[in-house]
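Numbers restart at 1 for each chain; the letters A, B, ... are given by sequence-line order, proteins then strands.
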Amino acid sequence: MASAFQKHQFTILVSASQIVFLILFGLFGKYDANVLPGGSEDDVYTARLYPMFQDTHVMIFIGFGFLMTFLKRYGFSAISINLLLAVFTIEWGIIVQGFLSHGFAETGKFTIGLEELLTADFTAAIILITMGAMLGKLSPTQFVVMAFIETAVALFVEHHVIHTFHVNDVGDSMVVHAFGAYFGLACSKAFATKAQREHENEGSIYHSDIYAEIGSIFLWVFWPSFNAAAASPADARQRAIVNTFLSLCACTITTFIFSQAVDKHKKFDMVHIANSTLAGGVAIGSIANVVLEPLHAMLMGVAAGALSVVGFKYITPMLSSKFGCHDTCGVNNLHGMPGVFAGLMSAVFVVAYDPALYGKSLNEIYPAMKSETNLNGITAGGQAVNQLIGLGLVLVGSIVSGMVTGFILKMKAFNQVRDKEFYADGDYFETPADYDFNTRIVSRIDRVEINEHTQLTQKEV
Amino acid sequence: MASAFQKHQFTILVSASQIVFLILFGLFGKYDANVLPGGSEDDVYTARLYPMFQDTHVMIFIGFGFLMTFLKRYGFSAISINLLLAVFTIEWGIIVQGFLSHGFAETGKFTIGLEELLTADFTAAIILITMGAMLGKLSPTQFVVMAFIETAVALFVEHHVIHTFHVNDVGDSMVVHAFGAYFGLACSKAFATKAQREHENEGSIYHSDIYAEIGSIFLWVFWPSFNAAAASPADARQRAIVNTFLSLCACTITTFIFSQAVDKHKKFDMVHIANSTLAGGVAIGSIANVVLEPLHAMLMGVAAGALSVVGFKYITPMLSSKFGCHDTCGVNNLHGMPGVFAGLMSAVFVVAYDPALYGKSLNEIYPAMKSETNLNGITAGGQAVNQLIGLGLVLVGSIVSGMVTGFILKMKAFNQVRDKEFYADGDYFETPADYDFNTRIVSRIDRVEINEHTQLTQKEV
Amino acid sequence: MASAFQKHQFTILVSASQIVFLILFGLFGKYDANVLPGGSEDDVYTARLYPMFQDTHVMIFIGFGFLMTFLKRYGFSAISINLLLAVFTIEWGIIVQGFLSHGFAETGKFTIGLEELLTADFTAAIILITMGAMLGKLSPTQFVVMAFIETAVALFVEHHVIHTFHVNDVGDSMVVHAFGAYFGLACSKAFATKAQREHENEGSIYHSDIYAEIGSIFLWVFWPSFNAAAASPADARQRAIVNTFLSLCACTITTFIFSQAVDKHKKFDMVHIANSTLAGGVAIGSIANVVLEPLHAMLMGVAAGALSVVGFKYITPMLSSKFGCHDTCGVNNLHGMPGVFAGLMSAVFVVAYDPALYGKSLNEIYPAMKSETNLNGITAGGQAVNQLIGLGLVLVGSIVSGMVTGFILKMKAFNQVRDKEFYADGDYFETPADYDFNTRIVSRIDRVEINEHTQLTQKEV
């Protein structure tokens, strides 16, 4: 019985969850009035939102997917499991978000429109970040179970951070980036074995590092859309774009400086180029609609780039060896620490800038703060405390739920990845004949004796 | 004489057609008033249309181009011939569409503006789908001749489907996807030889499967734009986006379930991941502006995913062995069957939903249907019949013209691909020195004896 | 002392410049009113500009970055140095542009908003084009020094071309494409050694040619945005899109015809497919807002495609052997000659079309020309002369400053690339174990003896 379940568990669990999702969509889901006949006649709404949605969409599927192809023997999985988890989370995230929504409480139905799809994409990012920490260590079934649990917990925590504590986290640095990273690190503890670390499969080949850059650069280019898509009003949206852009630029230059500086051969490391250059997008995320000075945005980027490279060089190895938290993609350096930094600075910036500077838009940024239209609101200091409470909730929530999830996934009922097949596609994907040569054997070849050197292509002319 | 023509036929035919096109553009083409001075002062028009146009543009050139790079020895051709056929079809399609246009009948001139470019991109998709079926089996000259014939026939059929029978096919599932696929399958019959099937070149290598995913994911991400670009009014456009998005998600999960289920080793197959996940975009295409319930959109996706994987596993091999229709990319499973399914369901949905639900926008969706402003219109039943007639026209038109084209292309006057060079770049592209090793020899290596294993890169430090 | 500087010069120079930039941003930079609270409430502005900005952004980082990965051993550098130079130039370009701005002269501060970021991306293109000519021949430090000098000179020249001579160069064919190309060619003279030419590293492998296509096609697809982003009013913007689109199509077909025609084996060359197909975007650049007839746009494309392929085949080798101007990417053929051609034709089109055709928008295209609202303006002939003066300034400015920069970069104080490591990543990037095999050794293998052929992947089932 257990054996039959183990053989078919992916089919059983994913089919069952898909059927349940469809039933829930059928019973409780309906389209937003904008999307129904007689709804929106407003072309500007779509014209404004849709391009930012599409940029984010590219980040989720191309960006995260290709960024994780850097492992030499795990390219099929990286792209495919990224796709699977993203759509699974989008469906499940729409449902959970729907159940938590105001509309559902009132009418017993949740609505679906363009904004809900965008939010679902953001939710997918949480799970894909966690996937980065667990990359190569879970079977597809385990990844789906992880996504199921994490989505529910993350959205519950996010709901309270945003709606109970009125935290400003416009680019989701806390509720998406930090949550995803620390859930993943906590989850990885349960899988802390020697086999995972120093595994011969854990490394890149020349082409896989280049694939990864496709993902990295699309993330880099579209990050301003990620941070700005939910910002409002129009000036805050533009500000989020510009702040993110400047932070990323400063972060990228800093990454190059530090990458060379920490390397014993004074060479650049593609891991830093692909990952740390993005940390500036995370660091500015919580305050992309707040920062009013170009210099401040750039300084956030400088700090993020430095923090991230130092993290890759010194902290990731230590987390793995000392704390048993093995982090395949180094999400702590791209999403974790920069996310925490964003959260801390979001508290600093509440008090550093005079709230009056935001004029009438103050409550669109900080809904709970005292203003002409919200006379009972809290002070800047109170908002700063709320920002820190939000960060605390995210950290506690992600770490606790991540550890619990790790122990669940470790249960023998679930298919586990075999030790020698960590970070490899072979057990779960049909692979072509050159798979072993190009992803394993090639790394050991340093010399080929050639008796007769004639280029075939020219011979055939 | 014949020999000189054969040697230079690409130059002769393509130059001649290009000169004719330029003359036709010069004689009959003029810019749309929007594009001329004093024209559009409306920024919203461009802001709404242009991003969807660009998404579609990416699908045509990156999406289709890279999706077809999956063959190990045919990457240069896939990308380049995709580019060549797309621009050839865009030029020729603008002319044919122009000659069929209302404006040309009235003024003797056809106009060119942003919408004509978008339509031309859709036309290119027809030819690129057919290219998928014939991938690796035609010389560049033959492909161009094919595009020349098919564009004219397809646009003629489309014109009557849309303007004579007033069919709703907003995402072009019938007139683009089904037409392209069945033209290709019919065309392939003329080339049904044993050499083509079970050819040693017909397969992927590890990296080519990853390239193909670049194309696949960009198609997946931007498909909502493809289905929505031509929808109207604003709510129908948003609805087309949301329906396509949900259909794709449900289709993707279903693809993973079925891909593993039908595999003897219970592994996922990258062919399914790259192709079947997209079938949901085709299936919802004809009704993306019609469906009013999230669940219905998702069920379309579920059906499409299942249909597509089953098609790859059982139908494609059978079509090839029993009917002589060899389908290199499996376009029947991604475009053909899902397109027919879309057509059939487009008839079902006309009668399943009450036309009153669409309110004033009814005639923007179904121009011929009876409404307050079109008292002599047809009933829902009549529209459903029209939808089926449209589907019938597409199938008959594509199959007949495809078979005829196949026989024309088989004529000895045209350069034919040599048997051993099926699915290979070598005869038509200059290839680098590693071409044979990396695309042929590597697949046969399973063991390398290494006497002395020292990493060159470290030795040189 | 010199030795310590040489070892750490990248760290020292880049850190120092970054600190200076931050100080300058802090002292003189402030956000545009649109980006500040109470600023823009106009969603249409962002909806119109932002998608075109993002398309351009993709061109700079994905487009240029991947186009330059065609060299077999230089993929890490191509992408990474492209990224580094782009962000360095964006920061420095914003500062230089700011100092040259009207606002700075008046208030002592320069402003930063969405348009400044777009302009900074255009500036980055100049430097990346030059990088193409110098690809593989400079160390990272040298590249940064080059970007520092070139940005300042290019923006100074551009300022006078646009503001002193009121040249119409809407798609920047002169001030970006021609400047970048001829600066690069002039700079390359200083490095004219035999070692650089006919170097065994200077070539592609099968996969690197395919990577390069990712960049090429994204450039191709988004080029209409590049040429249209700065155009105004709305009809001119749409016209720039449509003209660029048609020019690219005609250019692409012409490229295929010529690529085969000039090849001794009558095969297509991927270098032409990747580069010459884009020349139509450059050629139409200066007049994308001017051309009023579809045929004229297409003829520009035809000429550009032909010119570019002929350039690759005959002119690039001659420039290298006869004039000592080695041009790694062939930027003369993609950016240089088509840019000059654009400049010349921009003078022709001023007089070829009647200025009255542009109606009220005349002065948005040619600000200095005589019109109802600018009675003291210059004639069409005068504008044509100005266009030629602009082109002359660009050519003289780029060639002189490029030559000077070449001599500076050749100074022994700067790290120089070792002869045997031209066009290779190894000296500046950490590379994986398969680097040498897949980028060097593989090209020499033409035969593998296989004693026992068993596919590993199937053995393990």
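Across B/Ala234, B/Ser204, B/Pro294, the residue that shares the most heavy-atom pairs under 4.5 angstrom with chain A is B/Pro294. Heavy-atom pairs under 4.5 Å with chain B were tallied for A/Asn438, A/Leu36, A/Val14, A/Val144; the largest tally goes to A/Leu36. The candidate from B/Cys249, B/Gly203, B/Gly359, B/Ala240 with the greatest count of non-hydrogen atom pairs under 4.5 Å with chain A is B/Cys249.
Of the atoms belonging to B/Ile257, heavy atoms from both backbone and side chain fall under 4.5 Å from chain A. In this structure, the portions of B/Ala250 lying under 4.5 Å from any heavy atom of chain A include both its backbone and its side chain. At a 4.5 Å heavy-atom cutoff, the contact between B/Asp55 and chain A is made by side-chain atoms alone. If you measure heavy-atom distances from B/Phe218 to chain A, the contacts under 4.5 Å come from both the backbone and the side chain. Contact of B/Val271 with chain A is not made at all, since no heavy-atom distance falls under 4.5 Å. Both the backbone and the side chain of B/Phe222 come within less than 4.5 Å of a heavy atom in chain A. In this structure, the portion of B/Phe245 lying under 4.5 Å from any heavy atom of chain A is its side chain and not its backbone.
Within the 3.5 Å criterion, the main-chain N or O of B/Tyr358 finds no donor-acceptor partner in the side chain of B/Tyr353.
Annotation: side chain of A/Phe88 is in contact with side chain of A/Phe148 (closest heavy-atom distance under 4.5 Å).
Separation of atoms CD1 (A/Ile210) and CD (A/Glu213) is listed at 8.5 Å; rounding is to 0.5 Å.
Using a cut-off of 4.0 Å between Lys/Arg side-chain N and Asp/Glu carboxylate O, B/Lys267 and B/Asp263 are scored as not salt-bridged.
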